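Okay, so here's the structure we're looking at.
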Amino acid sequence: MASSSTTKFLFSSTFPTSKSSESSTTKASLFSFLRSTSTIPISQKLSHSHNSRHNSVSPIKNVLKTATESSETSFSKYPDVDLVSNESKPTILVSEKLGSAGIELLKGFGDVDCSYDLSPEQLCERISKCDALIVRSGTKVTREVFEAAKGRLKVVGRAGVGIDNVDLQAATEYGCLVVNAPTANTVAAAEHGIALLAAMARNRNATFYCNKRLMENGFPGKWQRNKYVGVSMVGKTLAVMGFGKVGSEVARRAKGLGMNVIAHDPYAPADRARAIGVELVSFEQAISTADFISLHMPLTPTTSKVFNDDTFAMMKKGVRIVNVARGGVIDEDALVRALDTGIVAQAALDVFTEEPPPTDSKLILHENVTVTPHLGASTKEAQEGVAIEIAEAVVGALKGELSATAVNAPMVPAEVLSELAPYVVLAEKLGRLAVQLVAGGSGIKSVKVTYRSARDPDDLDTRLLRAMITKGIIEPISSSFVNLVNADFTAKQKGLRISEERVVVDANPEYPVDSIQVQISNVDSKFASAVSENGEVSIEGKVKFGKPHLTCLGSFGVDVSLEGNLILCRQVDQPGMIGKVGNILGQENVNVSFMSVGRTVRRNKAIMAIGVDEEPNKDALKKIGEVPAVEEFVFLKL
Ligand SMILES: NC(=O)c1ccc[n+]([C@@H]2O[C@H](COP(=O)([O-])OP(=O)(O)OC[C@H]3O[C@@H](n4cnc5c(N)ncnc54)[C@H](O)[C@@H]3O)[C@@H](O)[C@H]2O)c1
Ligand SMILES: O=C(O)[C@H](O)COP(=O)(O)O
């Protein structure tokens with residue numbers, strides 16, 4: 001069996017919020033839920049019958065839940081929420097104008113508060129009463145907003161692409177999911193880019209001015225045709241900086257105008273560029289050979305002010321620049337200097353470092369600058385599309401579904417999700433079990449997870465499983481809540497190092513995972529038999545008939561369904577032990593759901609793993625401990 005790629009992660013959290021509840025559901029209900037989410041748009045789902053919404057809570061849904069059970073607006077209630085009853089409806093704050101179809105969709109799910117033009121203070125005040133916030137580019141969702149939310153805010157929806165106005169690090173630390181609407185405004189932005197390109201080339205801005213003067217003064221003497229001679233675009237070289245969704249649509253359209261298009265994007269695949277007839281080149285080559293430069297990269301620490309005195313100096317004299325990306329990618333003072341010296345002949349700008357820019361901004365007042373007030377996404381079509389896209393993403397997130405447009409959590413395609421669902425449950429149970437086997441669980445520093453599978457290791461996306469193991473380990477020993485969004489961060493904060501290994505085994509390739517093993521090193525165990533020959537607390541589990549099973553404990557093979565609670569006993573391997581312990585539980589009215597005995601050597605030591613529906617009282621546990629052949633035992637809550 002070839003062992004393969006080993007991925008190692010460092011993780012960590014410090015939230016006073018308490019834990020989410022975890023409930024399981026049948027495979028059937030989980031899968032029907034997943035099927036319905038992948039095929040029925042939420043807009044239709046909302047009109048479904050009342051009963052259809054009352055599925056049991058899916059464990060997959062739980063991966064995004066964060067709020068306390070005790071909280072009045074507990075997020076854990078949402079998947080079961082009665083959409084008709086106002087009592088349990090989530091509150092969704094929409095802080096900027098959103099298309100009406102999106103608003104209607106949101107109203108079908110929660111209480112919608114459309115409050116535009118809130119000051120930062122007003123936003124912080126209101127946010128603690130909200131479960132979701134929907135913004136466009138005009139609202140700054142700062143760390144203060146997440147702090148002020150006091151753990152209630154579950155999802156921020158950005159009705160558009162750029163998420164530079166959301167403090168993603170703070171969102172992640174607070175376990176708040178951020179989703180965006182990345183596709184619905186692509187064409188609108190590309191069309192606006194082309195419109196600005198053409199407007200600039202033909203002095204459209206100056207022509208407006210000229211027209212106004214013409215109207216004021218009458219035509220005679222003002223017909224200044226020679227003053228406003230433009231430049232042609234055909235045959236000119238356009239450098240598209242950022243060859244993503246908008247950049248490639250701009251390139252496609254510019255090709256149609258007869259331009260020679262080159263592009264720079266360190267992450268874009270060359271074959272996608274070739275397919276449009278665009279050559280991918282270096283940053284320097286792009287800016288030094290272009291007659292026109294069109295900006296389409298996101299604003300990140302790397303791209304901030306990437307167009308500055310130094311890079312303007314590398315450009316062809318008389319270059320023309322369009323920016324429909326983000327103002328912050330340009331050093332605006334440097335652009336004014338480049339315009340003044342003529343390095344940049346003209347600029348057409350839709351976006352600015354500060355929006356709206358100050359009225360005395362030298363840049364917007366410059367005679368060679370054409371400006372629009374961040375209108376790239378502002379077409380009727382794009383706004384309706386974005387509104388629906390974000391409303392669906394936010395409602396889905398509030399229902400605990402994993403989002404396809406999550407910005408700070410793994411995006412897991414529906415088909416992968418559906419396949420991994422039972423393993424997600426297993427992963428969390430193994431984490432919970434492993435940590436309870438450690439004496440003084442908070443001293444855990446190093447956890448190794450081994451996934452055994454018949455499939456190629458590259459085919460197994462373990463992020464979800466890893467997050468759930470982390471959740472299982474951390475939640476029983478701390479007040480931190482852990483969800484898919486903050487699992488890695490939480491583990492890192494706690495100094496918990498989780499390494500992963502994927503091992504190919506001879507198993508059924510129909511299933512994504514054959515077994516998951518969790519090993520905790522450098523710790524003492526409450527139950528010595530859980531310690532492997534190598535000295536680690538070691539447990540292994542499998543999914544059998546859709547249910548999580550514990551299959552190995554230390555060096556002992558067992559087979560017990562991980563439902564309800566678990567009693568582990570080590571005893572002398574002799575007849576009558578099952579009966580003795582079973583009798584004690586029976587007398588206390590504790591129902592045994594599952595039972596398995598494992599041993600290494602006949603008539604030596606044996607492990608008895610007993611699944612119980614109820615929690616045995618102290619007396620029952622004491623009596624089990626007093627059975628003469630029982631050498632050690634432990635009761636574990638799953
Ligand atoms: N003006 C508007 O109203 C408007 C509308 C839509 C999008 N936008 C902005 O346009 C930009 C692009 O949007 P998109 O939907 O195409 O996003 P996208 O993620 O599809 O594309 C961005 C591209 O930039 C590339 N990139 C990242 N760093 C880069 C770098 N240092 N140099 C060059 N390329 C780099 C990425 O690899 C990616 O291909 C974003 O900033 C977005 O906010 C503005
Ligand atoms: O990033 C975006 O999607 C655009 O900048 C659009 O922003 P807006 O929704 O504020 O118009």
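Please read these numbers as outputs of a predicted model, since none were measured by experiment. As the structure lists them, so they are numbered: ligands from 1, and atoms in each ligand from 1.
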Worksheet item: Of the protein's non-hydrogen atoms, which lies at the shortest distance from atom 17 (O) of ligand 1, and what is that distance?
Response: K245 NZ, 3.7 Å
Worksheet item: Among all protein non-hydrogen atoms, which one is nearest to atom 21 (O) of ligand 1, and what is the separation to 0.1 Å?
Response: G244 CA, 3.3 Å
Worksheet item: Just which atoms of ligand 1 are under 4.0 Å from any heavy atom in H296?
Response: 11 (C), 12 (C), 22 (C), 23 (C), 24 (O)
Worksheet item: Would you say the side chains of T172 and Q169 form a donor-acceptor pair under 3.5 Å?
Response: no
Discussion item. Testing the 3.5 Å rule here: is there a donor-acceptor pair between the side chains of D350 and T372?
Written reply: yes
Worksheet item: Where does M297 meet ligand 1, judged by heavy-atom distances below 4.0 Å: at the side chain, the backbone, both, or neither?
Response: both
Worksheet item: Hey, which atoms in ligand 1 end up nearer than 4.0 Å to a heavy atom of H374?
Response: 1 (N), 2 (C), 3 (O)
Discussion item. List ligand 1 atoms under 4.0 Å from Y267, heavy atoms only on the residue side.
Written reply: 27 (C), 28 (N), 37 (O)
Name each donor-acceptor pair under 3.5 Å that joins a side chain in residues 175-185 to protein atoms two or more places apart or in another chain, with its distance.
residue, atom, partner, partner atom, Å
N180, ND2, V161, O, 3.1
T183, OG1, E389, OE1, 3.4
T183, OG1, E389, OE2, 2.9

Practice prompt. Verify side-chain hydrogen bond (donor to acceptor under 3.5 Å, both in side chains) between T142 and D167, making sure each step is shown before the conclusion.
Written response: CA-CA 5 Å; T142 59; D167 186 335; over 6 Å; no
Item to complete: Applying side-chain contact (heavy atoms from CB on, under 4.5 Å), run through V135 and L133 and close with a yes or a no.
Response: CA-CA 7 Å; V135 301; L133 168 66; 3.7 Å; yes
Discussion item. Between ligand 1 and A325, can you find any atom pair, the residue atom being a heavy atom, that is separated by under 4.0 Å?
Written reply: yes
Discussion item. Can you tell whether the side chains of K399 and E392 come within less than 4.0 Å, N to carboxylate O?
Written reply: no
Discussion item. Looking only at side-chain N and O atoms, does N323 offer a donor or acceptor that is under 3.5 Å from a partner on H296?
Written reply: no
Fill in: For ligand 1, the portion of T303 having any non-hydrogen atom under 4.0 Å away
side chain
Practice prompt. Verify the distance criterion only: is there a donor paired with an acceptor across the side chains of T289 and T237 at less than 3.5 Å?
Written response: no
Worksheet, complete the sentence: Under 4.0 Å from one or more heavy atoms of A189, ligand 1 contributes atoms 5 (C), 6 (C)
Practice prompt. Decide whether an N or O pair under 3.5 Å exists between T186 and ligand 1.
Written response: no
Worksheet item: What is the closest protein heavy atom to atom 24 (O) of ligand 1, and at what distance does it sit?
Response: P298 CD, 3.3 Å
Item to complete: Before signing off on this row, confirm whether V161 and ligand 1 have an N or O atom pair separated by under 3.5 Å.
Response: no
Item to complete: Can you sort out which atoms of ligand 1 are near F243, meaning under 4.0 Å from one of its heavy atoms?
Response: 39 (O)
Worksheet item: Applying a 4.0 Å heavy-atom criterion (strictly less than), which segment of F283 is in contact with ligand 1: side chain, backbone, both, or neither?
Response: neither
Discussion item. Can you tell whether the side chains of D131 and R152 come within less than 4.0 Å, N to carboxylate O?
Written reply: yes
Worksheet entry | For atom 39 (O) of ligand 1, closest protein heavy-atom neighbour | D265 OD2, 2.6 Å
Worksheet item: Between D458 and R502, is the closest basic N to carboxylate O distance under 4.0 Å?
Response: no
Worksheet item: Roughly how far apart are E96 CD and T139 OG1, rounded to 0.5 Å?
Response: 3.5 Å
Item to complete: Find the distance between CE (M200) and CZ (F292) and round it off to the nearest 0.5 Å.
Response: 5.5 Å
Practice prompt. State whether R253 and E249 are salt-bridged, where the test is any N-O pair (Lys NZ or Arg NE/NH1/NH2 against Asp/Glu carboxylate O) under 4.0 Å.
Written response: yes
Worksheet entry | Any V166 side-chain heavy atom under 4.5 Å of N408 side chain | no
Discussion item. Need the ligand 1 atom indices (1-based, order shown) with element for anything under 4.0 Å from a heavy-atom of G162.
Written reply: 43 (O)
Fill in: Audit row: D488, R466, salt bridge (charged side-chain N to carboxylate O under 4.0 Å, His left out) steps and yes/no
CA-CA 9 Å; D488 286 4; R466 187 180 76 230; 2.8 Å; yes
Fill in: Shortest protein contact, atom 33 (C) of ligand 1 (heavy atom only)
P266 CD, 3.4 Å
Discussion item. Heavy atoms only, cut-off 4.0 Å: how does H264 contact ligand 1, side chain, backbone, both, or neither?
Written reply: both
Fill in: Closest to atom 8 (N) of ligand 1 among V246, V324, T300 (heavy-atom distance)
V324
Worksheet item: For atom 34 (N) of ligand 1, what is the nearest protein heavy atom, given as residue, atom name and distance?
Response: G242 CA, 3.4 Å
Fill in: Shell of residues surrounding ligand 2, defined by a 4.0 angstrom heavy-atom cut-off that is strict
R136, S137, R158, A159, G160, V161, G162, N185, R326, H374, A377
Fill in: R320/D291 under salt bridge (charged side-chain N to carboxylate O under 4.0 Å, His left out): CA gap, chis, key distance, verdict
CA-CA 6 Å; R320 289 174 166 79; D291 303 299; over 6 Å; no
Worksheet item: Heavy atoms only: which of D350, L375, N185, N323 is nearest to atom 1 (N) of ligand 1?
Response: D350
